[in-house]
Amino acid sequence: MISYLLQRKSKLVYFCVIILFILGLQQSSHTELVNTETSSEKNELLNYLNQMEGKGILSGQQELYNAEWIKTNTGVYPAIVGFDLYNYSSALKLENNSDQIEQAIQWHKKGGIVTFCWHWVAPNMKFSVHREQGYYSKYTNFDIAYAMDHHHSREYLMLLKDIGLIADQLKRLQVAHIPVLFRPLHEAEGGWFWWGSKGPKPAIKLYKLLYNQLTYKYKLNNLIWVWNSSSPVWYPGDRYVDIISYDSYPQAGDTGTVESEYLKTKILGHGQKLVAMSENSTIPDPNKLNESDVNWIWFMTWRDNFLTDGKYNSLEYIRMVYNNPYVITLDKLPNVIKKDH
Ligand SMILES: *[C@@H]1O[C@H](CO)[C@@H](O)[C@H](O)[C@H]1NC(C)=O
Ligand SMILES: *[C@@H]1O[C@H](CO)[C@@H](O)[C@H](O)[C@H]1NC(C)=O
Ligand SMILES: *[C@@H]1O[C@H](CO)[C@@H](O)[C@H](O)[C@H]1NC(C)=O
Ligand SMILES: CC(=O)N[C@H]1CO[C@H](CO)[C@@H](O)[C@@H]1O
């Protein structure tokens, strides 16, 4: 009998712990800054995102010209525009022939939020016909595991050099007081990009190298670090990540809230990290999001056909989304983000 009671009791305790955990998830969702020496712009943006959790979803679109398409077709701009450091990869030998930084500055002057990913062309890509797609594992023999285990190797030094080039570019944004939602080494766990091709260990090592170099060597304090994986084995750790994101490519036209991935991602950050849908084909229905406890902080539709082909998102649906009260568009961003510098 006593043991029966004890059993009952321990079940009750167990139950309470779970409830407390769930409550904790809802109450304490508050992203601590991973890097303490941060710019005030970064703090303000992160504070704003924390405030908005569960109250709305920020709209995002990859590429400024696609954001212009949204303005033309819906009457409003998205809150976030996504850019790519791709063309600054040293292997492309473009000698700074990219205007993504200029475009980002222009977007910030309009009051918008900036996010960057980096389709990092493997630094040893030379005269291959596939050089321009040298971020795919299948087009490069760059061995990230070897590089990360041999700090005197040519490969490792190449990585350091590329990180330096990127730092120069990101520094231009820091000088212009622009906080950046920075999402490097995205989709690592897919394995289709070279930084993920040798499994989680070297990918995490590279992510930490990137973090430490940009933060401590190059003193960048305007980056909000966004990690793209909901898998625990790929997670670099709370100290290196501000926001966790999931890239969602559902069946065309599936407007669900993607709840299970949301929960997985939320638990990975111990309930403490904001969760974003960093790439998105079909946009989740804001009305369903408002009714649910699925609090993606932003969505970002990938470029061109994902936005405009009418299959992933019909024009009528895009108009509904962008004019929905739950969706934060550029005109709804507070003045604190829209500072003129
Ligand atoms: C990279 O540069 C090429 C050539 O200038 C341009 O067509 C392309 O849009 C650029 N891509 C990105 C992501 O900046
Ligand atoms: C590329 O841009 C960086 C940062 O603005 C600059 O330091 C560097 O000299 C440029 N390189 C060339 C070849 O123009
Ligand atoms: C969310 O739904 C509630 C209940 O239907 C509604 O009152 C509220 O206006 C909605 N909020 C937004 C921001 O859409
Ligand atoms: C975490 C996370 O979201 N990881 C995702 C990153 O993107 C790839 C490709 O979309 C997904 O497969 C991962 O699950």
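When a ligand or atom number is given, it counts from 1 through the structure's own listing order. Computed over heavy atoms, backbone and side chain alike; hydrogens, waters and symmetry mates excluded. Each residue takes its place number in the sequence, starting with 1.
- Of the protein's non-hydrogen atoms, N290 ND2, 4.6 Å is the one closest to atom 4 (C) of ligand 3.
- Heavy-atom contacts of Q100 reach the following atoms of ligand 1: 14 (O) (cutoff under 4.0 Å).
- Inside a 4.0 Å radius of atom 7 (O) of ligand 3 there is not any protein heavy atom.
- There is a protein heavy atom closer than 4.0 angstrom to atom 11 (N) of ligand 3.
- For the residue pair E53 and Y262, the shortest heavy atom distance occurs at OE2-OH, 4.2 Å.
- For E316, the CD atom counts as loosely surrounded, since its 6.0 Å shell holds 12 or fewer non-hydrogen atoms of other residues, nucleotides or ligands.
- Atom OG of residue S89 and atom NE2 of residue H119 lie 10.0 Å apart, to the nearest 0.5 angstrom.
- A donor and an acceptor atom, one from each side chain of D285 and N324, are nowhere located under 3.5 Å apart.
- Annotation: N87 places an N or O atom under 3.5 Å from an N or O atom of ligand 1; distance criterion only.
- Within a 4.0 Å radius of atom 2 (O) of ligand 1, the protein has at least one heavy atom.
- Atom 14 (O) of ligand 3 is approached by the protein to below 4.0 angstrom, counting heavy atoms only.
- Heavy-atom contacts of P325 reach the following atoms of ligand 3: 13 (C), 14 (O) (cutoff under 4.0 Å).
- Between H150 and Y146, the angle of the ring planes stays under 30°, which puts this pair in the parallel group of the 30/60° scheme.
- Of the candidates Y139, F142, Y86, Y136, F193 forms a ring-ring contact (aromatic ring centres under 6.0 Å, His included) with just one, namely Y136.
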